[in-house]
Amino acid sequence: MSLLPERLIILDRDGVINQDSDAYIKSLAEWIPYPSAIDAMARLYKAGYTLAVATNQSGIARGYYDEKTLGTMHKRLQKLVSNAGGEIAHIAYCPHGPDDICHCRKPLPGLLEDIQKKLGRKTLEGSWMVGDSLRDLQAGEAVGCHSILVRTGKGQKTEAKGIGLEKAQVFDDLSAFADWLINENPVS
Ligand SMILES: O=P(O)(O)OC[C@@H](O)[C@H]1O[C@@H](OP(=O)(O)O)[C@@H](O)[C@@H](O)[C@@H]1O
Ligand SMILES: [Mg+2]
Ligand SMILES: [Zn+2]
């Protein structure tokens, strides 16, 4: 596994890996992955990238579901990616709500710092943060990540708002970003 920061891709979950909902993703049945995203994760892994996930899960603080249920979603995600030949090195989540004043709720960088520590990285400078919301990109930029906005989930709305996207590259979905990273932008 490469320890080069540019070989680390940190993915937002809802709206990037799986369908999002304004009513939150409250159960395994509601967790519906984008098939092309699972395939893209496996392709990136096979191309030598390390994958991690950083996700806000305020639905826990709001009482919509519990950490056990969230765990079933993440077990399913890990299995799907592993069956496709990939692997997720770490899934970091924030269970808090907006009023909990934690350090891990994006746009704060706490989840990414957790990933950095867990993966034993010196820096995230030059790593990739892929999200559908501005707060995902803000969390990444706070620790020096390249910003990748995808148009799935809330991505089209984020793009239309046009705020804070000066440093972002925009792709239709995770698969299109994977194509670009693997085929057009060979990393040393
Ligand atoms: O996109 P990631 O970070 O993986 O997860 C987002 C979810 O936790 C939920 O985050 C909520 O935001 P608030 O937490 O209520 O501000 C809403 O945007 C929901 O629609 C969304 O499902
Ligand atoms: Mg999202
Ligand atoms: Zn938190």
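As the structure lists them, so they are numbered: ligands from 1, and atoms in each ligand from 1. The figures that follow rest on heavy atoms only: side chains count, while hydrogens, waters and symmetry mates do not. The residues of the chain are indexed from 1 along the displayed sequence. As the structure is a prediction and not an experimental result, all values here were calculated from the model.
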_Side-chain ion pair, D22 and K154, N-O less than 4.0 Å_ =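 Looking at D22 and K154, the cut-off is met.
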*Do the charged groups of D179 and R43 touch, with an N to O distance under 4.0 Å?*
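A salt bridge is present here (some side-chain N lies under 4.0 Å from a carboxylate O).
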Please state which protein non-hydrogen atom is closest to [atom] and give its distance, to 0.1 Å?
| atom | answer |
| --- | --- |
| atom 11 (C) of ligand 1 | Y24 CE2, 3.6 Å |
| atom 14 (O) of ligand 1 | S58 OG, 2.7 Å |
| atom 16 (O) of ligand 1 | R105 NH2, 2.6 Å |
| atom 21 (C) of ligand 1 | D20 OD1, 3.4 Å |
| atom 2 (P) of ligand 1 | D12 OD1, 2.9 Å |

*In a check of side chain to side chain donor-acceptor pair (under 3.5 Å) between Y65 and each of K26, E30, Q57, which one passes?*
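Testing each of K26, E30, Q57 against Y65, the sole residue satisfying side chain to side chain donor-acceptor pair (under 3.5 Å) is Q57.
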*Any N/O/S of H103 under 2.8 Å from the Zn ion (ligand 3)?*
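It does not; every qualifying atom lies at 2.8 Å or beyond.
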*With a cut-off of 6.0 Å (strictly less than), are more than 12 heavy atoms of other residues, nucleotides or ligands near CD of Q156?*
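Open: at most 12 neighbouring heavy atoms sit under 6.0 Å from CD of Q156.
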*For the Mg ion (ligand 2), the closest N/O/S atom belonging to D14*: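 Of the nitrogen, oxygen and sulfur atoms in D14, the Mg ion (ligand 2) lies nearest to O.
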For the residue pair [X] and [Y], establish whether any side-chain heavy-atom pair is separated by less than 4.5 Å.
| X | Y | value |
| --- | --- | --- |
| D172 | V150 | no |
| M129 | D136 | yes |
| S127 | I9 | no |

_We want to know whether D39 and S36 form a side-chain donor-acceptor pair, criterion being a heavy-atom distance below 3.5 angstrom._
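On atom types as modelled, these side chains do not qualify, holding no pair under 3.5 Å.
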_Opening angle at the Mg ion (ligand 2) [OD1, D132; OD2, D12; to 10 degrees]_ =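 Taking the Mg ion (ligand 2) as the apex, the two atoms subtend 80°.
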_contact_flag G59 ligand 1 heavy-atom lt 4.0 Å_ =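 No heavy atom of G59 comes that close to ligand 1.
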Determine whether the side chain, the backbone, both or neither of [X] has a heavy atom under 4.0 Å from any heavy atom of ligand 1.
| X | value |
| --- | --- |
| T55 | both |
| R135 | side chain |
| S21 | backbone |

*Report the C-alpha distance between E113 and H103 in whole Å, list the side-chain angles of each, state the deciding distance to 0.1 Å, and finish with yes or no for side chain to side chain donor-acceptor pair (under 3.5 Å).*
CA-CA 10 Å; E113 290 162 350; H103 184 61; 3.0 Å; yes
*Option set I17, N56, L70, N18, criterion heavy-atom distance to atom 5 (O) of ligand 1, minimum*: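 Going through I17, N56, L70, N18 one by one, N56 has the nearest heavy atom to atom 5 (O) of ligand 1.
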_Qualifying residue, where the test is side chain to side chain contact (heavy atoms under 4.5 Å, CB included) with T50 and the options are L8, L3, I88, I115_ =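 Checked L8, L3, I88, I115 against T50; only one passes side chain to side chain contact (heavy atoms under 4.5 Å, CB included): L8.
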_H96 atom ND1 and C102 atom SG as seen from the Zn ion (ligand 3), angle to 10 degrees_ =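 Taking the Zn ion (ligand 3) as the apex, the two atoms subtend 100°.
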*Short check: any N/O/S atom of D20 below 2.8 Å from the Mg ion (ligand 2)?*
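No, outside the cut-off.
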*Please determine if D14 has a nitrogen or oxygen closer than 3.5 Å to a nitrogen or oxygen of ligand 1.*
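It does: an N or O of D14 is found under 3.5 Å from an N or O of ligand 1.
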*asked:* Taking 4.0 angstrom as the limit and counting only heavy atoms of R13, give me the atoms of ligand 1 inside it, by number and element.
replied: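 That gives atoms 4 (O) of ligand 1.
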*What about the rings of F177 and W128, do their centers lie closer together than 6.0 Å?*
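Yes.
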